Amino acid sequence: MADKVGAVMVVGAGISGVQTALDLADSGFKVYLVEKKASIGGTMAQLDKTFPTNDCSMCIMAPKLVAVGRHQNVELITGAEVELIQGLPGDFTVTLKKNTLRVNEEKCTGCGECAISCPVETLDEYNQGMKKRKAIFVAYPQAVPLVFSIDKETCIGCGICAQECIAKAVEYERKDQALEVQVGAVILSPGFEEFDARLKKEYGYGEFKNVVTSIEFERMLSATGPFFGTVMRPSDGDIPRKVAFIQCVGSRDEKVGNPYCSSVCCMYAIKEAIIAGEHSPGLKPSIFFMDVRAFGKEFEDYRARAENEYGVKMYRGSRVASVEEDPETKNLSLRYSIGDETNTEEFDLVVLSVGMRPAEDGERLSKKLGFKLNKYGFCETDVYSPLNTSRPGIFVSGSFAAPKDIPTTVAEASGAVAKAAALISEARNTQVTVKEFVPEIDVVGQEPRIGVFVCHCGINIGGTVNVPSVVEYAKTLQGVVYAGENIFSCSSDTQEKVKEKIKEHSLNRVVVASCTPRTHEPLFQNTIREAGLNPYLFEMANIRDQCSWIHMHEPEKATKKSKDLVRMAVAKARLLEPLKKSKLGVLHSAVVIGGGLAGMTAALDIADQGYPVHLIEKEKYLGGNLIKIHHKEGDRKPKDFMNELVGKVRDSKNITVHLDSEVKEVGGFVGNFKVKTPDGEIDAGAIIVATGANEYKPSEYLYGQDKRVVTQLELEQQLDEKTLKAKQVVMIQCVGSRNEKTPYCSRICCSNAVKNAIDIKKASPTTGVYILHKDIRTYGFREDLYREAGDLGVSFLRFPEGTMPTIENKAGQLEVTAFDTVLKEDVMIRPDLLVLSAGITPNEGNEELAKMLKVPLSKDKFFLEAHMKLRPVDFATEGIFLAGAAHWPKFIDETIAQASGAATRAITIICKDFLETEGIIAAVNEMVCNGCGVCEPVCEYKAITIVKDPSNPDKLKAMVNEGLCKGCGTCVAACPSAAMEQKGFKDQQMYAIIDAALQEGK
Amino acid sequence: MTSTQVHAEEAEPAAEEEWQPKIVTFCCNWCSYAGADLAGVSRLQMPTNFRVIRTMCSARVDPEFVLRAFANGADGVLVLGCHPADCHYIGGNYRTRRRIALLRVLLEQYGFNPDRLKLEWVSASEGAKFQKTIKEFNELIKELGPNPINDEE
């Protein structure tokens, strides 16, 4: 067999493809990132905000777009489609057709002069046709790559753009190209399409102007959208007061051929309702749901806040029959039913929450690449191998396999990398090159020449703070030689602008006034480094998160505060010094804590790429919760799959299993952890936390007192052993979930209940099965189960939010009573088996482990990842990763995908030979230090030792170990003689910023 | 005439407005600064008259920083760090706790109201606590009135 090729092709460059590309490239593989459109970013780039944190979508995504666009080992091939694939896994030859942009990508600077002069306009797809664009255009201002292209359908060939282009980049005759690329594996992430709302004629989309789709509404909310963030009615520009959201438009609907649930619409509708209310105070949003499917991490909280704090009205269990327009006012009247009751209500604007359809390209791709689609046209996958397509060597991630939200997509995107990398791991580092930076400009001894860049962040800052006046103020500050403003400072074009300005004005310090350094400092540091400045000659002023967002109604004071924050940053910037990083060796091994499905999957993925793994399990056996699950999924039972997995782990020469063991202490740092267990100390470069969670042990409903009351897991056992005799079964949902004590939704209980109900009905069709619930949350393709259960005669009874059914034992007979929201009265059932859908509770050991690892827990006591949307498996502490139910309850396929994701993220560290240390560390001024030793015991990292001064043996002095120092600055504050300094946070720099904070601003 | 009075006369139209103290808030990078960001992400509204200064750890807050802020006219100083046992740097916040406690004693000995200096724990997930802390401290300092150093100029 031929040698493996150390390169991977990623098809589709939305958030999934972008994450996949970054992880592959950081794991030592060359990446060809192929995108059909002229720029990358996909659907996420169109979103205004993301749930449940209301982060600005573009703000969190832009750094990743920029990173992938400038990554040394990622080659973007935009405007291209896959034509043919030949060869075998490990060595494919892929033929691509690259459609001409009619613009030379090498020459185009993205200045946009061409579009200004272009005389023809057409509808702008990025803004869902609600705005116009020119025939020569770029999709959106932050687009990567920032290259214009000519839409030949619209272009009249007048040639004005070519005349206007200073770079001579317009090449009208440029032809389509055929490209051939050698890769070892292919990862597909072409995403999804929105459902065409015109197919639901009864809602009048396309006919009534004030009926819009959710993605159109997303653009309407956006500062870069058609109405610059003001929510207006398309018919007359009036600000709507009453807005209705209709859910399940093109989802859970057999008539339109989409019986599945699209998984994300409930949450995005809640988000759009909240944001709309923020944009127009007094706006009253109402959402018409069948079920409110808020099943993800902290989603239920978000739902509760929407209702209780933001006044979003929720019509549960409702179906909207039709929408009618008043021809005069253009208002819309909704006819809807809840149970048997039918009502009509008038609204100013209606938003249709459109579902997800498989990628338009899916069918063509499946034919060209030879993999199977499922019955709904999404990519076919198996529950136990959620990242594999039916063709070996071709993998899948994101919404092409099933409708899903962004964090699940991002985890999968990393996960698919593990699968591709295992196939070609021997070819790692064979096709990559190391980035060469321009030499650093020596700024020592130069007068400060500071450039200040103030960001509008769309309207996130500019809507409150008077940005131009902040710029003018910055110009008056000592040392500032340039100040300017940007719409989005994080966009790719701004990075180029910053570099140009550094050159043009010989800047030697840069200040960006925008969002938080916690997320964006690395991006800007990288930019100034590319311009030849040491990355530490950079300072940020946080005028968004800590100013415009928290003082939204006080524009004048917020503007003054922004000026103060800029003055403080400039004061510190004047004193900034270049810092050097040193290199630290990395251990090429990992520790995985937890030997359940997530832990074993992650361990195998790392081992399959050739790295040693220590798997630590507290029980005397491997397998976790899955060995208790008897119900067949896919082609076998989970416990059978688990037994296979245990065999693989046992057989792997790279995995050392530590049973009946636990973590006692964790020391060291990224690349060099020391994990203490009762068996001894393990050295590892990275750690994965996969400690799982537990089924809630109910204290309610006579559980434990009456043997007719069981949990779903116990029911499964009875079903498996065929010992179930009951003729009347009642299941109660949300036992230990969605209540005051445990406010979150446990995600999996609805599907489990429905699945077990089906099993009961199949085994004994005459047995009555009732499921008492608040919402049935069988999201994605699991909706098929819900429908099947209904067809088999399972009865569903909805009880209201904030209540629970009650139980009584009347002379030996169980009586369950619940308030039926449809009948509007109490219903009493006498079951001979009561099954409690017990929620999932976090492990009790989480707090202790979190302390040892120095990582946080969420308020529900699950582990808390670095960022809920875009860093779903990372911790903020470098080198430690997260997978499985320790993060949040999840299904088998989701757990496997996330565990593979964590494995990939760990490998991006342990595959390296060295990491660079932080520049911000402690340093001793040996002239001043008298070796008193006060600093030595205060250091938590044992990084300081008191040694004899080699030049003067009578004298003692402190010495800092740069590899161990974490740069906290504790020793600096302790030093009585000011001999200890913290680089980047020196005393003089801190004094400057304190003085500037209190200096009266203009 | 005190500097605040001078100020009030200069800015005549604003003379009606209530006196707003100047507050310096030190936030550690990992918990409290992130908590402050979360307050922003959650759009929690609060008074504008505080300025955040970021340090990597609350233990970097040298008592001298606090004294310098007071000497420069700050009416109140808040030091925010990770909750006990949550410190990103293991135990930096314990040192902060001791230092601030000692500094408060010193301030009092010099006749300076120690309540103008406050240490509070705000985690990365406590945007609401950040808001509450800012609001309450602001009210407290309003009650205490301007920093007496401002009168002695």
Side-chain angles (χ1 to χ4, degrees), chain A residues 53-56 278 515-519 540 542 544-554 557-558 560-561 564-565 568 847 850-851 854 856-859 864 876-877 920 938 940-941 966-975 978 982 984-985 987 990-991 993-1000, chain B residues 7 20 22 24-31 33-34 36-66 68-69 71-74 82 85-92 95-96 99 123-127 130-131 134:
Chain A
T53 51
N54 288 357
D55 269 322
C56 154
E278 276 186 359
C515 47
T516 171
R518 290 174 50 254
T519 54
M540 253 176 120
N542 186 340
R544 188 190 70 179
D545 304 46
Q546 297 187 9
C547 186
S548 66
W549 277 354
I550 56 171
H551 311 307
M552 288 167 87
H553 314 301
E554 296 179 278
K557 286 182 178 173
K560 181 183 175 297
K561 181 166 183 171
D564 289 357
L565 293 171
M568 289 158 67
E847 292 196 51
K851 270 178 202 168
K854 302 285 159 215
L857 297 180
S858 73
K859 70 177 192 14
L864 182 60
T877 306
I920 295 166
V938 305
E940 297 280 1
Y941 300 95
K966 303 295 265 180
C968 62
T970 305
C971 57
V972 187
C975 178
Q982 184 185 17
F985 288 84
D987 284 343
M990 296 308 295
Y991 295 157
I993 203 167
I994 295 166
D995 294 354
L998 291 157
Q999 178 194 328
E1000 225 13 87
Chain B
H7 228 74
Q20 295 295 330
K22 283 187 278 184
V24 171
T25 305
F26 292 97
C27 285
C28 79
N29 183 62
W30 302 94
C31 289
Y33 196 88
D37 282 344
L38 180 62
V41 168
S42 319
R43 311 296 192 277
L44 304 176
Q45 303 300 300
M46 60 193 88
T48 58
N49 56 320
F50 68 96
R51 302 290 175 263
V52 169
I53 297 179
R54 182 171 68 110
T55 58
M56 294 311 283
C57 180
S58 61
R60 174 65 184 101
V61 180
D62 195 319
E64 212 166 324
F65 295 177
V66 176
R68 191 158 180 126
N72 275 330
C82 305
D86 280 357
C87 177
H88 183 80
Y89 300 106
I90 306 173
R95 302 190 189 282
T96 314
R99 284 175 195 156
S123 82
S125 59
E126 291 178 330
F130 181 81
Q131 177 199 36
I134 292 290

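Chain A is the first sequence line, chain B the second, and so forth, proteins listed ahead of strands; every chain is numbered from 1. Values in this document were obtained by computation on a predicted structure and should not be read as measured data. Only heavy atoms go into these numbers, but all of them, side chains included; no hydrogens, no water, no symmetry mates.
- A:Lys859 does not touch chain B: none of its heavy atoms, backbone or side chain, sits under 4.5 Å away.
- For A:Met568, the part lying near chain B is the side chain, with the backbone staying farther off; criterion is any non-hydrogen pair under 4.5 Å.
- Interface summary for chain B: among A:Thr53, A:Val938, A:Thr516, A:Asp987, the most heavy-atom pairs under 4.5 angstrom belong to A:Val938.
- Contact of A:Glu940 with chain B is made through backbone and side chain together, with heavy-atom distances under 4.5 Å.
- At a threshold of 4.5 Å between non-hydrogen side-chain atoms, the residues A:Asn542 and B:Tyr33 count as touching.
- The two atoms that bring B:Cys57 and A:Thr970 nearest to each other are SG-OG1, 4.4 Å, heavy atoms only.
- A:Lys557 has its side chain out of reach of A:His551: every pair of non-hydrogen atoms, C-beta onward, lies at least 4.5 Å apart.
- You'll find the side chain of A:Lys560 reaches within 4.5 Å of the side chain of A:Asp564, heavy atoms only.
- Minimum interatomic distance between B:Ala34 and B:Trp30 (heavy atoms only, all atoms of both residues): CB-O, 3.6 Å.
- A donor-acceptor pair is defined here as one N or O able to donate and one able to accept, closer than 3.5 Å; no such pair exists between the side chain of A:Gln546 and the backbone of B:Gly40.
- Residues B:Ala59 and B:Thr96 share a closest heavy-atom pair of N-OG1, 3.1 Å.
- Ranked by non-hydrogen atom pairs under 4.5 Å with chain B, the options A:Ala850, A:Cys547, A:Pro517 are led by A:Pro517.
- For B:Arg43, the parts lying near chain A are the backbone and the side chain together; criterion is any non-hydrogen pair under 4.5 Å.
- The choice from B:Cys31, B:Ala36, B:Cys28, B:Gly92 that makes the most heavy-atom pairs within less than 4.5 Å of chain A is B:Ala36.
- You'll find the side chain of B:Ile53 stays beyond 4.5 Å of the side chain of B:Val61, heavy atoms only.
- In this structure, A:Lys561 forms a cation-pi arrangement with B:Phe50, its terminal cationic atom sitting closer than 6.0 Å to the ring centre and no more than 45° off the ring axis.
- If you measure heavy-atom distances from B:Ser123 to chain A, you find no contacts under 4.5 Å at all.
- Neither the backbone nor the side chain of B:Asn49 comes within contact range of chain A; no heavy atom of the residue lies under 4.5 Å from a heavy atom of that chain.
- Neither the backbone nor the side chain of B:Phe130 comes within less than 4.5 Å of any heavy atom of chain A.
- Note on B:Ile134, B:Asp37, B:Leu44: by heavy-atom pairs under 4.5 Å with chain A, the leading option is B:Asp37.
- Of all heavy-atom pairs between B:Arg51 and B:Thr48, the closest is NH1-O, 2.7 Å.
- Counting heavy-atom pairs closer than 4.5 Å to chain B, the top residue among A:Cys968, A:Gly969, A:Pro856, A:Ala558 is A:Cys968.
- For chain A, the nearby parts of B:Arg54 are the backbone and the side chain; heavy atoms of each come within less than 4.5 Å.
- Here the CG atom belonging to A:Leu998 is positioned 10.5 Å from the CZ atom belonging to B:Arg68, to the nearest 0.5 angstrom.
- Looking at B:Ala124, there are no atoms closer than 4.5 Å to chain A (heavy atoms on both sides), in backbone or side chain.
- Of the listed residues (A:Asp545, A:Ile550, A:Thr877), the one with the most heavy-atom contacts under 4.5 Å to chain B is A:Ile550.
- In this structure, the portions of A:Ala974 lying under 4.5 Å from any heavy atom of chain B include both its backbone and its side chain.
- B:Val52 touches chain A through backbone and side chain together, each having a heavy atom under 4.5 Å away.
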